[in-house]
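The next block holds one structure in the form of structure tokens; read it before the comments.
In this chain, numbering begins with 1 at the start of the sequence shown.
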Amino acid sequence: MDFLWASITDWLRDVLVSGILSNLSGMFDGVNEKIGDIAGQVGATPQAWNGSIFNMVHSLSETVILPIAGVMLAFIMTLELIQMVTERNSLHDVDSWMFFRWIFKTACAILIVSNTWNIVMGAFDAAQEVVSRSAGVITGDASIDLTAVIPDMEAQLRAMELGPLLGLWFQSMFIGITMWALTICIFIITYGRMIEVYLVTSVAPIPMAAMLGKEFGGMGQNYLKSLFALGFQAFLIMVCVAIYAILVQSIAVSGDISKAIWTCMGYTVLLCFTLFKTGSLAKAVFQAH
């Protein structure tokens, strides 16, 4: 009877150990791949990220949005001229310099609107340069390698009792599902940011047309703040990845397998949370008064 029970126990242990090793094998590969791809994604300019989308957005901005911006600019500057004249004692206190100032201001506004695309792309080129330089400063591998953290994993598993093995098997199943979800989250953050970049740049001529307007100038100023916040969000993402890389490499080798995998998952969850917050943090920095 003892022999039969020992055989069943050994069989269950082999099944659980194989299942745990199978669950842990490649568990962090998807996350490691997405994290390693972050620098290339956020560091790319809109044109370099996807040329087809860039050309489509550029065409829409030039052919659809720019004419609307021209009409809006004409309305704003005409309204400003009327207000400027009527405010001077109903035309009784009018100086010629007022009209020269209005002409100069209108010319500057037209110059800004006609070169909106170059201005917007210049902002993202500046942000991309910052990200490129930060990538050269940031050192350290951000990938998680359980074999380095737990070099004798299989031997430790075979030394465990059936109860802890069963619990560890359930934990590995849960963490595997969680890591799959986190991989999707990282994909959404990186690709969603670039889609947001294209959406923001597509309507750029309209807020830029209001840049020099007395009544509507806040629209253009807030747009520029949002534009720089979106561009330099990439730098904050790189800082998050750098901090994550340091935390991952500082994971101590431990005989507690459960603690090791939960620590790795905790760091990954923390990374995803901070990546989600980078957008609001960047806006808070550039829109602070």
Side-chain angles (χ1 to χ4, degrees), residues 38-81 100-136 190-238 278-279 281-288:
I38 284 179
Q41 294 291 335
V42 302
T45 60
Q47 184 175 7
W49 193 77
N50 191 301
S52 299
I53 298 178
F54 175 85
N55 293 330
M56 182 267 293
V57 172
H58 187 194
S59 177
L60 288 174
S61 180
E62 293 289 331
T63 58
V64 179
I65 303 299
L66 188 59
I68 299 175
V71 174
M72 184 176 177
L73 176 61
F75 170 78
I76 292 174
M77 300 313 296
T78 302
L79 178 62
E80 186 165 329
L81 176 62
F100 285 107
R101 185 185 67 176
W102 179 84
I103 292 173
F104 177 76
K105 193 174 182 180
T106 303
C108 292
I110 294 174
L111 184 65
I112 291 175
V113 173
S114 59
N115 290 278
T116 294
W117 194 258
N118 295 329
I119 295 172
V120 172
M121 290 301 108
F124 284 107
D125 286 340
Q128 192 268 345
E129 179 66 20
V130 172
V131 173
S132 299
R133 293 188 179 184
S134 66
T190 54
Y191 279 76
R193 175 187 170 273
M194 291 306 302
I195 293 175
E196 185 178 358
V197 167
Y198 290 122
L199 294 178
V200 170
T201 55
S202 65
V203 296
I206 292 180
M208 295 296 282
M211 178 68 65
L212 298 182
K214 184 177 180 181
E215 300 291 337
F216 302 92
M219 181 192 301
Q221 295 173 12
N222 291 330
Y223 174 79
L224 280 182
K225 292 177 182 178
S226 300
L227 190 69
F228 278 100
L230 190 58
F232 281 87
Q233 180 188 3
F235 174 73
L236 297 182
I237 291 176
M238 291 297 295
T278 54
L281 289 174
K283 290 179 180 179
V285 170
F286 281 90
Q287 296 183 356

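- The side-chain hydrogen bond (donor to acceptor under 3.5 Å, both in side chains) check on Glu196 picks up nothing, with sequence neighbours excluded.
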Which pairs of donor and acceptor atoms, one on a side chain in residues 102-123, lie under 3.5 Å apart (sequence neighbours left out)?
| residue | atom | partner | partner atom | Å |
| --- | --- | --- | --- | --- |
| Trp102 | NE1 | Met77 | O | 2.9 |
| Lys105 | NZ | Glu80 | OE2 | 2.5 |
| Lys105 | NZ | Leu212 | O | 3.1 |
| Thr106 | OG1 | Trp102 | O | 2.8 |
| Ser114 | OG | Ile110 | O | 2.9 |
| Ser114 | OG | Leu111 | O | 3.0 |
| Asn115 | ND2 | Leu111 | O | 2.9 |
| Thr116 | OG1 | Ile112 | O | 3.0 |
| Thr116 | OG1 | Val113 | O | 2.9 |

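- With sequence neighbours excluded, the residues that form a side chain to side chain contact (heavy atoms under 4.5 Å, CB included) with Ala127 are Phe232.
- Not a single side-chain hydrogen bond (donor to acceptor under 3.5 Å, both in side chains) links Thr190 to another residue, sequence neighbours left out.
- Residues that satisfy the side chain to side chain contact (heavy atoms under 4.5 Å, CB included) test with Ala48, not counting sequence neighbours, are Ala44, Thr45.
- With sequence neighbours left out, Phe235 forms a ring pair (Phe, Tyr, Trp, His ring centres under 6.0 Å) with no residue at all.
- Shown here are the ring pair (Phe, Tyr, Trp, His ring centres under 6.0 Å) partners of Tyr191, two or more places apart in sequence or in another chain: Trp49, Phe187.
- Smallest separation of non-hydrogen atoms from Ile206 and Met219: O-SD, 4.4 Å.
- Checking side-chain atoms of Arg193 against main-chain N and O of Gln233 turns up no donor-acceptor pair under 3.5 Å.
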Ignoring hydrogens and angles, write down the donor-acceptor pairs under 3.5 Å from the side chains of residues 52-73, residues two or more places apart or on other chains.
| residue | atom | partner | partner atom | Å |
| --- | --- | --- | --- | --- |
| Asn55 | ND2 | Gly51 | O | 3.1 |
| Thr63 | OG1 | Ser59 | O | 2.6 |

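- Residue Asn222 holds its CG atom at 12.5 Å from CG of Leu227, rounded to the nearest 0.5 Å.
- Rounding to the nearest 0.5 Å places OG1 of Thr201 at 6.0 Å from CZ of Phe124.
- Listed by first and then second residue, the salt bridge (Lys or Arg N to Asp or Glu O under 4.0 Å) pairs involving residues 41-51 amount to none (not counting sequence neighbours).
- A donor-acceptor contact shorter than 3.5 Å links the side chain of Tyr223 to the backbone of Val200.
- Identified under the salt bridge (Lys or Arg N to Asp or Glu O under 4.0 Å) test for residues 113-132, with sequence neighbours left out: Glu129-Arg133.
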